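Data first, discussion second: the structure below is written as structure tokens.
Since we're looking at a predicted model, the values are computed, not measured.
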Amino acid sequence: MGGKNESSSATLELFLKIGLDERTAKNTVANNKVTTNLTAVIHEAGVIEGCNRTVGNLLYSVATKYPANALAHRPVLLEYIVSSKIKTPAQLEAAFSFLSNTASESLHVKEFEEACGVGIEVSVEDIEKTVSEIFELNKESILAMRYRTNVGDIFANIRKRLPWADPKIVKQLVDAKLYELLGERTAADNEKPTKQKKEKPAKVEVHTEIFFSDRPVLRCCNSKEMLDKHLMVTGGKVYSRFPPEPNGYLHIGHAKAMFVSFGLARERDGCCYLRFDDTNPEAEKKEYIDHIQEIVSWLGWKPFKITYTSDYFQELYELAVELIRRGHAYVDHQTAEEIKEYREKKMNKSLRLFDEMKRGMIEEGKATLRMKQDMQSDNFNMYDLIAYRIKFTPHPHAGDKWCIYPSYDYAHCIVDSLENITHSLCTLEFETRRASYYWLLHSLDLYQPYVWEYSRLNVTNTVMSKRKLNFLVTNKHVDGWDDPRLMTLAGLRRRGVTSSAINTFVRGIGITRSDNSMIRMDRLEYHIREELNKTAARAMVVLNPLKVVITNFDSASVMDLEAKKWPDAQTEDSSAFYKVPFSNVVYIEQSDFRMKDSKDYYGLAPGKSVLLRYAFPIKCTDVVLADDNQTIVEIRAEYDPSKKTKPKYILLPCD
């Protein structure tokens, strides 16, 4: 603990040297990640002996806000800061934006300097002129509001005109202009304005209306008879489903989908199906089906039942026939003019044609069954979507019984209804399909589940599209679906990521309807580290050994010391510790010893003490050199059995 405290004190002193106030510096030392980043930035900038406060504050911003995808260009930015070419927060924010877009590509210095306002000097006269103009434009409102004027809006208007102006000078001139216009503050200026309570508007129940034919369909409107029948099956329990298409390996976005669907069922003591949405035999493989089952189990989820959309092909076909009979679907294999004539004359040949499609009498691609929805709707997902298409391809689960296959838009909602799903949960890109979902169930008088959409998982600098992942795999740009560089769950597992770390990450980001949110990769890495710090055993290794002989320790003795298997090992857990032998000969890294000590060096040196991890403080008393008087052969040292010595640095020895 002593070594740790000494190290913290040295770090605090380093942060104070660059002009941070004491409170900020102490808070920074308490945050390991920011401490590591800021220490690295200070060393990269070459200001370990200190700098002025303006530069120090900009360096602190670099340590906390610098874009992770452009680390290669950080030394360049630091040169601009230390040389005062970039000297305002506005310039620094512009630099962050430019470098984030540049990422690891070559940096175009001229474009960078233009984007950051390097070399642009804004005079006090220019600022005064702009402040006067802004005040003149807003004079009436300022006189009315007096010192309750929103000064932030004034600053924003000035920044738009003069983005590189010194903010301190701007503030001084704005304050002076306010005083010139308004004079001294009065008692009325200091009074807090009374807040008027806003009347809450009356709650109005809103439904999603789906127009077709001559009447609207309200969202999730089940008759009492339908609900009674549904409740007889479910017993009032929550029924959800996780419905992946078996056309590739699952990625980390599917981990969130599993957490939502399986998690809801587990929390409410309900049931969750694992349903394979296998309606496209050309893209689906048994390999993908097996993988999905394995990954679901690996993540700790237990399906209530494993089903396939293909299990319901007969029911889906019969319902399609019923949809045609009710006038809500038609077979389309005609030109635009023929379709117009067909609809105007109300000709109905679809039952016969659909039967011919089923019996393989029509060529693939020559006909489809389409739902007769609403071509005048503002929602393109109501434009007579395809319900069935012809594919002379054997099915990986259903075999070669069928040559017509239902579409996702047709099958998904019907199977939800047939399985008595209570909550149909999906990501926001499916929100516009909700209209078609309820239209079809209403048209067939089927039970309607409750549909709710949430934001998909987006992670920075990753490929999350199964189609793009498939392109990378099939074109051999990567080593299969489980390539550790991919964000597939198999790839993460191969990389060594645990299932509990993934589940903890997904739980931590929460569930929202904000579809533009982007989760940083380091947030996932944080949860991985937290998990590994509790479970992954560590070992002490010396790659370039340097012999250390402890002269005051008996050469015939060996002392067993306790070492942690992992950083977050609990004291009461004996299995989290292992024995490390301590004798009079140990080995340290060659880089952890210098013949000459210095202030910024915390390793071992002649006459200096360090702490051997899990052992004792040692002090270098002698150095044995080779015949060339330069190569170090071994170090002689004495250990402190009482541990009264409090060194600044901890070494990792090997016996």
Side-chain angles (χ1 to χ4, degrees), residues 212-213 243 245-247 275-286 288-289 307-343 345-375 381-419 433 436-447:
F212 79 101
S213 300
E245 184 180 355
N247 62 351
R275 183 205 307 154
F276 291 100
D277 182 24
D278 55 344
T279 58
N280 184 8
E282 292 176 340
E284 293 152 8
K285 295 180 183 177
K286 181 71 165 58
Y288 300 148
I289 293 172
T307 61
Y308 299 77
T309 297
S310 56
D311 293 339
Y312 303 93
F313 275 179
Q314 185 61 41
E315 291 94 328
L316 290 167
Y317 172 76
E318 292 169 0
L319 287 168
V321 172
E322 180 61 26
L323 199 65
I324 296 170
R325 286 189 179 130
R326 296 187 180 197
H328 296 315
Y330 60 95
V331 173
D332 179 12
H333 66 159
Q334 305 166 82
T335 64
E337 292 75 16
E338 289 172 333
I339 292 173
K340 183 179 179 183
E341 180 187 6
Y342 156 81
R343 300 194 77 167
K345 295 182 180 179
K346 300 183 178 179
M347 298 161 62
N348 193 348
K349 300 176 183 178
S350 293
L351 283 172
R352 175 178 58 81
L353 291 171
F354 189 48
D355 182 62
E356 290 177 0
M357 285 173 59
K358 176 178 179 287
R359 289 189 287 149
M361 297 172 64
I362 301 177
E363 290 181 39
E364 186 171 335
K366 293 294 184 180
T368 58
L369 179 70
R370 298 180 67 180
M371 295 178 273
K372 194 185 294 182
Q373 297 173 297
D374 183 4
M375 297 296 287
N381 281 306
M382 289 295 287
Y383 293 172
D384 289 12
L385 300 179
I386 292 174
Y388 268 88
R389 68 272 201 219
I390 302 168
K391 288 183 182 290
F392 293 107
T393 305
H395 192 279
H397 183 68
D400 57 3
K401 181 180 178 182
W402 298 89
C403 64
I404 56 171
Y405 293 98
S407 67
Y408 170 86
D409 294 289
Y410 174 77
H412 184 68
C413 55
I414 292 178
V415 178
D416 274 356
S417 181
L418 295 177
E419 290 185 342
R433 296 176 186 255
S436 172
Y437 186 102
Y438 283 121
W439 176 90
L440 182 55
L441 294 180
H442 180 86
S443 298
L444 290 168
D445 292 323
L446 295 175
Y447 158 76

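For Ala398, the side-chain contact (heavy atoms from CB on, under 4.5 Å) test picks out Ser310, Phe313, His395, with sequence neighbours left out. Looking at residues two or more places apart in sequence or on another chain, you find no side-chain hydrogen bond (donor to acceptor under 3.5 Å, both in side chains) involving Tyr405. Remark: Asn280 pairs with Glu245, Glu282, Ala283, Glu284, Arg389, Lys391 by the side-chain contact (heavy atoms from CB on, under 4.5 Å) rule, at least two apart or across chains. Partners of Ser417 by side-chain contact (heavy atoms from CB on, under 4.5 Å), not counting sequence neighbours, listed by chain and number: Leu441, Leu446, Tyr447. Glu363 pairs by the salt bridge (charged side-chain N to carboxylate O under 4.0 Å, His left out) definition with nothing, not counting sequence neighbours. When the salt bridge (charged side-chain N to carboxylate O under 4.0 Å, His left out) test is applied to Asp409, the partners found at least two apart in sequence or on another chain are Arg433. Scored by the ring pair (Phe, Tyr, Trp, His ring centres under 6.0 Å) test, Tyr410 finds Tyr388 as partners (sequence neighbours excluded). Partners of Leu418 by side-chain contact (heavy atoms from CB on, under 4.5 Å), not counting sequence neighbours, listed by chain and number: Tyr312, Glu315, Ile414. Residues satisfying the salt bridge (charged side-chain N to carboxylate O under 4.0 Å, His left out) test with Asp400, not counting sequence neighbours, are none. Thr368 meets the side-chain hydrogen bond (donor to acceptor under 3.5 Å, both in side chains) test with no other residue; sequence neighbours excluded. Residues satisfying the side-chain hydrogen bond (donor to acceptor under 3.5 Å, both in side chains) test with Lys286, not counting sequence neighbours, are Asp290. Checked against salt bridge (charged side-chain N to carboxylate O under 4.0 Å, His left out), Glu356 has the following partners two or more places apart in sequence or in another chain: Arg352.
Using a 4.5 Å heavy-atom threshold, the side chains of Thr307 and Phe276 count as separate.
Between the Ser407 side chain and the Ile386 main chain, a donor and an acceptor come within less than 3.5 Å of each other. At least one donor-acceptor pair closer than 3.5 Å links the side chain of Asp384 to the backbone N or O of Gln373.
Asn381 and Tyr437 are not linked by any side-chain donor-acceptor pair at a separation below 3.5 angstrom, with hydrogens and angles left out of the test.
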